[in-house]
Amino acid sequence: MTKNRYLSNYIPSLHLKTSGTAIFSSPEDFWNSYSPGSYDLIFLDIYIKQANGMDLAAQLREKGDSCALIFVTSSDAFAVASYDVQAAYYLLKPLDTNKLTKVLDSIQIKRVQDTRYIEVICDRTLLRVPVKTILYADTFHNAVQLHTDAGVLRTYLTFQKFEELIHDLPCFLSCYRGCLVNMDRIHKTLEEGFLLDNQETVQIRKRGANAIKKEYLNYLFS
């Protein structure tokens, strides 16, 4: 991580002595030094000096901050609510150092994945498309369509060739033949498919639908 900065009320068995680390004892202290994009990873307790860490997390998301959030607390009462603020993990005290190491490794892997891009030719122009901007890919008239945040990009290569481009990226899931969804862009599961974070719905095939949804859940909680 380029900027290792952390917010923690109290994290037992964890020594935060890395360069760039910051520890705050109250939300007020944190906001006094906060600036957007300052932190890659923030540790939060639920109970912080008459405050609620969940409220602080919600405020961060309202400001558009996409930093990774890890709750470290003695209560599991807010575990479900942590999904509303896109928390990366919810850990209970006392911390298991082996588990914490795996958690930090997975966040690092996710950040590396967020920097990945694929190269495709659109209108005779070579484009580098960041993987994190791709919502899903499908086929249309012998072309592969990349549905991205910037719009639809059409590239004339076979779907098999496209699958080869992204074969090492675990975030893509087959919804039906000729359609791959970026699981990092799924907001929630619906009866008929997946609702993406742009409010678009991607259908999944009826046969094997439960297996597809299970694969997404396995990815989500891996």
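Computation of the quantities below employed the complete heavy-atom set of this structure, encompassing side-chain atoms and omitting hydrogens, waters and symmetry-equivalent molecules.
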message = How about CG on N198, more than 12 heavy atoms from neighbouring residues, nucleotides or ligands closer than 6.0 Å, or not?
response = yes
query = Hey, what do you get for OG1 (T148) to CZ (R185), rounding to the nearest 0.5 Å?
reply = 9.0 Å
ask   = Any side-chain donor-acceptor pair under 3.5 Å between Y136 and E200?
value = yes
message = Could you walk me through whether Y176 and D138 satisfy the side chain to side chain donor-acceptor pair (under 3.5 Å) test, starting with their C-alpha distance in whole Å, then the side-chain angles of each, then the deciding distance to 0.1 Å, before giving a yes or no?
response = CA-CA 9 Å; Y176 54 84; D138 59 10; 4.7 Å; no
query = Other hydrophobic cluster members with L126, side-chain heavy atoms of Ile/Leu/Val/Met/Phe/Trp/Tyr under 4.5 Å, chained?
reply = I121
task = For T139 and Q145, run side-chain contact (heavy atoms from CB on, under 4.5 Å): C-alpha distance rounded to whole Å, both residues' side-chain angles, the deciding distance at 0.1 Å, then the answer.
result = CA-CA 6 Å; T139 57; Q145 295 186 134; over 6 Å; no
message = Do L196 and Y83 land in one hydrophobic cluster if side-chain heavy atoms of ILVMFWY residues count as linked below 4.5 Å?
response = yes
message = I'd like to know if R116 pairs up with D168 as an ion pair, taking the criterion as any Lys NZ or Arg NE/NH1/NH2 lying under 4.0 Å from an Asp or Glu carboxylate oxygen.
response = yes
ask   = Which one of V120, V129, V131 satisfies the side-chain contact (heavy atoms from CB on, under 4.5 Å) criterion with L165?
value = V120
request  = Please test Y89 against V72 for side-chain contact (heavy atoms from CB on, under 4.5 Å), starting from the C-alpha separation and ending with a verdict.
outcome  = CA-CA 9 Å; Y89 290 91; V72 181; over 6 Å; no
Pairwise distance OG1(T201) to CG(L195) - rounded to 0.5 angstrom = 5.0 Å
request  = Test F71 against F78 for ring pair (Phe, Tyr, Trp, His ring centres under 6.0 Å), laying out the working first.
outcome  = CA-CA 9 Å; F71 284 98; F78 293 86; 8.5 Å; no
query = Looking at side-chain heavy atoms only, is the closest gap between L135 and D197 below 4.5 Å?
reply = yes
key: Working for side-chain contact (heavy atoms from CB on, under 4.5 Å), residues R154 and F140   = CA-CA 9 Å; R154 189 169 298 167; F140 181 79; 3.6 Å; yes
query = If you measure from OG on S66 to CG on L60, what distance do you get to the nearest 0.5 Å?
reply = 10.5 Å
task = Could you state whether V152 and V181 fall into the same hydrophobic cluster, counting links through intermediate Ile, Leu, Val, Met, Phe, Trp or Tyr residues with side-chain heavy atoms under 4.5 angstrom apart?
result = no
query = Quick one: are C179 and F159 in side-chain contact, heavy atoms under 4.5 Å?
reply = no
key: Non-hydrogen atoms of A57 and L44 that approach each other most closely   = CB-CD1, 3.9 Å
key: Any I107 side-chain heavy atom under 4.5 Å of I70 side chain   = yes
ask   = Does R205 use its side chain to pair, donor to acceptor, with the backbone of A209 at less than 3.5 Å?
value = no
key: Nearest heavy-atom neighbours spanning L41 and C67   = N-CB, 4.5 Å
inquiry  = I'd like to know whether the aromatic ring centres of Y39 and F30 sit less than 6.0 Å apart in this structure.
reply    = yes
ask   = With side chains defined as the heavy atoms from C-beta onward, is the minimum distance between F24 and S33 less than 4.5 Å?
value = yes
query = Does the side chain of Y90 come under 3.5 Å of the side chain of D76 through a donor N or O and an acceptor N or O?
reply = no
request  = May I ask you to test the F194-H187 pair for a side-chain heavy-atom distance under 4.5 Å?
outcome  = no
request  = Measure the shortest side-chain to side-chain distance between K214 and Y216 over non-hydrogen atoms and say whether it is less than 4.5 angstrom.
outcome  = no
message = As an exercise, state the distance from OH of Y156 to SG of C122, rounded to the nearest 0.5 Å.
response = 10.0 Å
ask   = D149 and T133: side-chain donor and acceptor closer than 3.5 Å?
value = no
query = Do other residues, nucleotides or ligands put more than 12 heavy atoms under 6.0 Å from E119 CD?
reply = yes
request  = Please lay out, stage by stage, how K102 and D105 fare under the test side-chain contact (heavy atoms from CB on, under 4.5 Å).
outcome  = CA-CA 5 Å; K102 292 179 180 179; D105 285 344; 5.5 Å; no
Other residues, nucleotides, ligands: >12 heavy atoms within 6.0 Å of N142 CG = no
task = Report yes or no: do S74 and Y47 form a side-chain donor-acceptor pair below 3.5 Å?
result = no
key: Under 3.5 Å: donor-acceptor pair, side chain of S26, backbone of D29   = yes
query = Can you tell me how far CE of M54 sits from CD1 of I46, rounded to the nearest 0.5 angstrom?
reply = 4.0 Å
query = Sub-3.5 Å donor-acceptor pair from the side chain of K63 to the main-chain atoms of A58, do we have one?
reply = no
ask   = Where the side chain of D65 meets the backbone of R61, is there a donor-acceptor pair that is under 3.5 Å apart?
value = no
ask   = Side chains of H147 and I134: closer than 4.5 Å at any heavy-atom pair?
value = no
message = For the CD1 atom of I204 and the CG atom of L190, what is their distance to the nearest 0.5 Å?
response = 9.0 Å
inquiry  = Using modelled atom types and a 3.5 Å cut-off, is there a donor and acceptor pairing between side-chain atoms of D123 and backbone atoms of T125?
reply    = no
L104 vs T101 side-chain heavy atoms within contact, under 4.5 Å = no
inquiry  = Using every non-hydrogen atom in the two residues, find where A137 and L146 come nearest and quote the distance to one decimal.
reply    = CB-CD2, 3.8 Å
ask   = Just by modelled atom types, is the L91 backbone N or O under 3.5 Å from a matching donor or acceptor in the K99 side chain?
value = no
query = Quick one: which of N32, L56, D55 gives a side-chain contact (heavy atoms from CB on, under 4.5 Å) with P27?
reply = L56
